[in-house]
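What follows is a set of notes on a single structure, which appears directly below.
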Amino acid sequence: MIEESKTIKEKFGVLDSVPVGACLLQDDFVVLFWNACLEEWTKIPRSQILGTKITTHFPHLSQLKYATRFKQIFAGGPPTIFSSQIHKHLIPATWQDGQQRIQQTTVTAMPAQEAGIEEQEIRDWVLQTLELEADGTVGARSPTSAFLSRESPPSASSSIWPGVNSPSFYALLVIQDVTDLTHRIQAYRTMRDQALEEVQVRQRVEEELRSSQHFIQQIADAAPYLLYIYDLTEQRNVYVNGQASKLLGYTPQEILQMQTALYSSLVYPEDLPRLKAHQQKFPSTQDGHILELEYRLKHRSGEWRWFRCRDQVFARTADGWPKQIFGTAQDITEYKRAEEALRQQNERELLMATITQHIRQSLDLGEVLSTTVTEVRQFLQADRVMIVRFNPCTGSLCAAPATGAVVTVESVAPNCQPMLGETLENFCFDEFYLEAYQHRAIRPIADVLAADLPQYQIDLLAQFAVRAYLVVPLVQGDELWGLLMAHQCSPRQWMQLEVELLSSLATQLAIAIKQAELYQQLQAANLKLERLATLDELTQLANRRRFDQYLEMEWRRQAREQTPLSLILCDIDSFKSYNDTYGHPGGDECLRQVAAAIGNAVNRPADLVARYGGEEFAIILPNTAIQGAVMVAEHIQLKIAALQIPHAGSQVSPYVTMSLGVASIVPASESGAEILIAAADQALYQAKRLGRDRIQLYQPDPAAGKPNGTAASMLPVDFSIPNTNWPSPTSA
């Protein structure tokens, strides 16, 4: 238990530096890891909770709704999310003023140390795991790992791991505090509800005003609106109430003096067509019917302010055409700002939820980065969004200048030059910027030419037509991982909403990147373990287990395609005598040299060279007829002869020699690969019997009336090729 706790501490200690809660549970709910963040939140020290059941401290986790989902995790199921929408807190923790933190928790299955293994076997496993960590990979186990599976223990002997069951899993809880975000969302919703209530109140008041045009005229001077009478025929205002001074900064007399220049002087140019279309509706409008329009008017200070006007026919000509309209205009600038802020906030929340969900759905680093740059560029409508990865050594401690590289992905507009693969030297990487980024400082530049930037940075940006950019650091704990950068090919004033979005996203992205990197390290470790499980330690060739797997796979494939499959079995002549003469260390060195020579003689990627057992080797040659197999066997003999390894105990040569048995067949689906092994083994036996140091063939009998690949169609051929390369092997 102590060793396991130590291993867990070493593996998961990195989670002490992240600003989220992390807890590791055993399948009996015993706490194996409790990071510093949870200690701070819950005020439960690690020494008090480790080794105890978490339900002792938080009994509600025994409820069926939690136990059922945890059971799936402990069985190796997919990650599950306990959303703050439903579960306010999975592990209760105090926030401010005694409030409970609102949390969003992701629970992931982590492979656990397997049960039923003897102490020595556990120690061996730990030692080999530590060796993997020394190589820079994660020493974690996976249920798919061939190295730790029941069929492939770390030792070459399968008897060491008898009766081991399927692997079990831990549950890794990653808890994010969303209390502050939740409160801000609630505040925005309250503001929205208040705005809607104000609109409803205003609509009720305006409905009453519509019922009495005379009443509107009586309260004109006291109304908090801009009241006016506009003459359609003269195209000027003939009356404006005193609110004009407060709402527009002009006296009523100044507005009346503008005459026909009123629209061109005060109305926002883009709103003029809509205003003219609005006035063209009055000839067909009945008395008392109100037409509404929203447009912008210019304040005396130069500020554009939004107004909502409500107009109706006030007077008509003798022939019934509308002459004057009476209207009210309410200043809705603040409402428009609140509406736009709420819209942007909703859009931001939706984008954040979408991007976060996408990047959390994948553990593939390339997919995480690609999703991020694509969706961020779409939201910002930027010309380029990319991720710059810092090289391992940056800052003042490096001998060379600090550099970064545009890694993996970028999202770029069709008319922009890509920067993918570019190395950026001394660009935003000097000591000042590095320290600022380390503290998550965000750097928006509205115009490169107007900013106080070094000339070499301006020149670099000019190469890619960048005029404005936004840089957000990606920080993992205390480590500056890289930068998220948005580029614009024209000057651009970055909005605070955009800065806040990228700041929030950077935190989520840094966590996702860390998870993806850990997963990549785990995958690399698994691949290494699988390779070790199928590799002969002495010769570095495939072992017998890999030979059996590959031969079975190729037998089925060649049976489907009806192409020949050849096998060479070769054996070092008089190897027992070699060991007796030179000792077992000398024998091991001989095996290594012979294995390397055979590997060099076999060149095709599809061919497999394996140590079959002891001093015996096997070569699987897919899609190879007997003639090709013989050529490979001869090439092997040449390579062995060229080694000129002395062998004083040999009966056939003063140097090490080999006997080779070759068999070839077109497999049949109704038979098995064992007949090919038997044929090659019989040919090898014949080569030994006929004097060693030779090639012996075993071929299918063409006269047999049975399909290829059956035992009855295999007959020995008295064809032996003695080694003629001795005593001058290099002449070949």
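Note that these values count all heavy atoms, side chains included, but never hydrogens, waters or copies made by symmetry.
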Between the side chains of [X] and [Y], is a donor N or O closer than 3.5 angstrom to an acceptor N or O?
| X | Y | value |
| --- | --- | --- |
| Thr534 | Arg546 | no |
| Thr624 | Arg604 | yes |
| Thr80 | Arg69 | yes |
| Thr52 | His57 | yes |

Legend entry - CD/Gln378: more than 12 non-hydrogen atoms of other groups inside 6.0 Å: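 No - once you tally the heavy atoms of other residues, nucleotides and ligands closer than 6.0 Å, there are 12 at most.
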Legend entry - Under-4.0 Å salt bridge between Arg592 and Asp588: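 So Arg592 does not pair with Asp588 through a salt bridge.
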Inset, instruction - Indicate yes or no: does Arg101 engage Asp180 in a salt bridge with an N to O separation below 4.0 Å. - result: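 Looking at Asp180 together with Arg101, the answer is no, because their closest N to O distance does not fall below 4.0 Å.
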Going by heavy atoms in the side chains, are [X] and [Y] under 4.5 Å from each other?
| X | Y | value |
| --- | --- | --- |
| Ile44 | Leu38 | no |
| Leu90 | Ile175 | no |
| Arg377 | Val373 | no |
| Thr374 | Val376 | no |
| Leu621 | Ile568 | yes |
| Gln99 | His183 | yes |

Inset, instruction - Check for a donor-acceptor pair, side chain of Asp607 on one end and backbone N or O of Val602 on the other, with a separation under 3.5 Å. - result: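 No, the answer is negative, given that no donor and acceptor are paired below the 3.5 Å cut-off.
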Inset, instruction - Verify, without hydrogens or angle tests, whether His87 (side chain) and Thr105 (backbone) share a donor-acceptor contact under 3.5 angstrom. - result: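 Pair absent, no side-chain N/O of His87 close to backbone of Thr105.
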Legend entry - Test log, rule side chain to side chain contact (heavy atoms under 4.5 Å, CB included), inputs Ile619 and Ile598: CA-CA 9 Å; Ile619 301 93; Ile598 296 174; 4.1 Å; yes
Legend entry - Check: Phe74 ring centre within less than 6.0 Å of Tyr170 ring centre: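 Judged by ring-centre distance (under 6.0 Å), Phe74 and Tyr170 do not meet the cut-off.
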Inset, instruction - Tell me, with the steps shown, if His89 and Trp95 meet ring pair (Phe, Tyr, Trp, His ring centres under 6.0 Å). - result: CA-CA 11 Å; His89 47 260; Trp95 195 53; over 10 Å; no
Inset, instruction - With side chain to side chain contact (heavy atoms under 4.5 Å, CB included) as the test, would you mind laying out the steps for Val20 and Asp177 before giving the verdict? - result: CA-CA 7 Å; Val20 297; Asp177 185 355; over 6 Å; no
Inset, instruction - Sort and list the pairs that fulfil side-chain hydrogen bond (donor to acceptor under 3.5 Å, both in side chains) and have at least one residue in residues 28-45, not counting sequence neighbours. - result: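 Listed once each, the pairs are Gln26-Asp28.
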Inset, instruction - With Arg46 as the cation and Phe33 as the aromatic partner, state whether NZ or CZ is under 6.0 Å from the six-membered ring centre and within 45° of the axis. - result: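 Yes.
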Inset, instruction - Apply side chain to side chain contact (heavy atoms under 4.5 Å, CB included) to Arg545 and Asp548, showing your working. - result: CA-CA 5 Å; Arg545 179 174 180 269; Asp548 292 338; 5.8 Å; no
